[in-house]
Amino acid sequence: MGFFKTLFGGHEETAEEKAESKQQYNFEVLTYDAVQAMQVGKVDYAIACLERALTIRDNDEETRYRLAQAYVQKDRLEEAAEQFESLCLLAPDNAAYPLALADLCFQQEQYDEMEEACRRALAIDDSLAMPHYLLAKRAFARSEWAEAADECTAALNQKDDYAEARLLRAQSLKNANRLDEAMTDVERMVADEQGTDEVLLLKAQILAAQNRNDEAAEAYRASIELNPFVPAAYIELSALLRNAGKNDEAQRVMDDAVEQLGVSPDDAKVLQMGDGTSVEEYMRNAYNALNPYQLSVKL
């Protein structure tokens, strides 16, 4: 066979080339199987395939990225972060990788590592808005309201329609008691048709802090109408009405909360009478458990 290949200009594979071809075939089979497994939700099998594939070609960017995504799906965040660290080295000009790493660090409350990753992304492209937004989230989580607002401003300077950054800035300004500035952002979001239930809830909180109680009650009700499953809106509206001496109306609000949020009448009775814990406290605890910014609700 080798004679005829040589005679007609062919080339017989060497042992080394055969081994390389086999490795390439194995790599392609493993990555294909991983993609198919991910599509049908078999994430563990996909991870096994991708890990094995990287032992064949450890510098394959696409495979490493898929593995990072798979780790995230399985909540294996430290391992996902390791993959994004490797991707930062494989593709040092791609800002998406340090940004993904920064987000993972934020989820694990690794704030120093998060800041470093954001700075890496900005060093690649200083026109990006997202690194500033992530830095703002970091500052907000640490109750550094002024810094959070400043970073949101930096993000908005790059991307004026960045709704998440504007909302976070408004929340930061509200927490810093810079109520008029916070309201300016809220009104801008409402005007831009970005008035989500979260925006309306924040508007109500600002109005309540300004003692504009009737307007605040209206905003609370508008927030509830958009999303009737947020405990804070009921809690704070009920407290606002109770403080105004409207006890019956305040109780009706909490009754609505009990109905909408799945607390049975028996549970509500126990909460109110059995151990001294009020429905308001139950709802407050539920809100604090769900609240992505971990804002403490006080009545």
Side-chain angles (χ1 to χ4, degrees), residues 31 34-35 38 43 46-47 50-51 53-54 57-173 185 189 192 194 196 198-199 291-295:
T31 53
V35 171
M38 290 289 286
V43 183
I47 288 173
L50 293 166
E51 288 175 338
L54 286 172
R57 288 177 56 185
D58 68 348
N59 64 343
D60 190 83
E61 185 179 339
E62 185 177 3
T63 300
R64 198 169 289 280
Y65 179 67
R66 284 175 175 158
L67 180 57
Q69 290 181 309
Y71 281 147
V72 170
Q73 285 195 35
K74 297 299 291 185
D75 203 32
R76 294 165 62 175
L77 301 186
E78 288 187 14
E79 290 162 290
E82 290 174 1
Q83 296 305 316
F84 280 116
E85 281 281 10
S86 296
L87 286 164
C88 289
L89 298 175
L90 281 173
D93 295 329
N94 190 336
Y97 296 145
L99 285 175
L101 177 60
D103 189 54
L104 288 175
C105 291
F106 177 75
Q107 293 180 53
Q108 298 174 85
E109 299 183 0
Q110 297 172 345
Y111 296 132
D112 291 341
E113 293 85 348
M114 177 190 182
E115 180 178 10
E116 180 184 352
C118 287
R119 301 299 178 199
R120 277 196 225 173
L122 288 170
I124 296 169
D125 184 353
D126 62 6
S127 69
L128 292 172
M130 185 173 287
H132 292 291
Y133 173 63
L134 291 174
L135 289 169
K137 288 175 65 176
R138 167 185 176 271
F140 195 99
R142 296 166 63 160
S143 301
E144 296 168 350
W145 314 128
E147 182 178 343
D150 289 345
E151 289 291 354
C152 285
T153 298
L156 289 164
N157 286 341
Q158 301 297 342
K159 189 173 185 290
D160 186 59
D161 62 348
Y162 201 156
E164 294 85 356
R166 193 172 298 280
L167 175 59
L168 186 57
R169 183 170 73 175
Q171 291 168 326
S172 302
L173 291 168
D185 273 336
M189 286 183 281
D192 289 349
Q194 296 171 339
T196 64
E198 194 173 10
V199 171
N291 174 20
Y293 293 108
Q294 295 303 302
L295 303 178

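- When all heavy atoms of C118 and A102 are compared, the pair lying nearest together is SG-CB, 3.7 Å.
- Around CE of M130, the count of heavy atoms belonging to other residues, nucleotides or ligands within 6.0 Å does not exceed 12.
- With contacts defined as side-chain heavy-atom distances shorter than 4.5 Å, the pair R76/I47 qualifies.
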key: side-chain contact (heavy atoms from CB on, under 4.5 Å) evaluation trace for M38 with Q73   = CA-CA 10 Å; M38 290 289 286; Q73 285 195 35; 3.3 Å; yes
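- Contact check on R120 versus E85 returns a salt bridge, with a Lys/Arg side-chain nitrogen under 4.0 Å from an Asp/Glu carboxylate oxygen.
- In summary, of the residues considered (E116, E147, E109), a salt bridge (charged side-chain N to carboxylate O under 4.0 Å, His left out) with R138 occurs for E147 alone.
- For A80 against A68, the heavy-atom pair with the smallest separation is CB-O, 3.7 Å.
- Between E113 and Q108 there is no side-chain heavy-atom pair separated by less than 4.5 Å.
- Side-chain contact between E115 and R119 is present, with heavy atoms from C-beta onward closer than 4.5 Å.
- When all heavy atoms of A170 and M189 are compared, the pair lying nearest together is CB-CE, 4.3 Å.
- Donor-acceptor pairing under 3.5 Å is recorded for the side chains of E51 and Y71.
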request  = Applying side-chain contact (heavy atoms from CB on, under 4.5 Å), run through R66 and V35 and close with a yes or a no.
outcome  = CA-CA 9 Å; R66 284 175 175 158; V35 171; 3.3 Å; yes
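- Taking the side chain as every heavy atom from C-beta outward, K137 and D103 approach each other to under 4.5 Å.
- Not a single donor-acceptor pair under 3.5 Å links the side chain of R166 to the backbone N or O of D161.
- At a threshold of 4.5 Å between non-hydrogen side-chain atoms, the residues Y97 and E61 count as touching.
- Separating the OH atom in Y133 from the CG atom in L156 is a distance of 10.5 Å, to the nearest 0.5 Å.
- Atoms CG and CD, on L104 and E82 in that order, are 11.0 Å from each other to the nearest 0.5 Å.
- Residues Q69 and Y65 have side chains that bring a donor and an acceptor to within less than 3.5 angstrom of each other.
- Note: F140 and W145 have perpendicular aromatic rings, judged against thresholds of 30 and 60 degrees for the angle between ring planes.
- Across all their heavy atoms, L54 and L67 have their closest contact at CD1-CD2, 3.6 Å.
- Closest non-hydrogen pair, A121 versus L128, comes out as O-CD1, 3.9 Å.
- Of the inter-residue distances, the one linking T153 atom OG1 with D185 atom CG reads 7.5 Å to the nearest 0.5 angstrom.
- Contact check for R64 versus D58: side-chain heavy atoms found under the 4.5 Å cut-off.
- Here the straight-line distance linking atom CD of Q107 with atom CG of L77 works out to 5.5 Å at 0.5 Å rounding.
- With a 4.5 Å cut-off on side-chain heavy atoms, R57 and T31 do not count as touching.
- Between the side chain of N94 and the backbone N or O of A96 there is at least one donor-acceptor pair closer than 3.5 Å.
- In this structure, L135 and M114 have side chains that are not in contact, with every pair of non-hydrogen atoms separated by 4.5 Å or more.
- Once rounded to the nearest 0.5 Å, the distance linking CD1 of I124 with CG of L99 reads 8.0 Å.
- Contact between A136 and C152 at its shortest, heavy atoms only, is CB-SG, 3.5 Å.
- Rounding to the nearest 0.5 angstrom, the gap separating the CZ atom in F106 from the CG atom in L134 is 8.5 Å.
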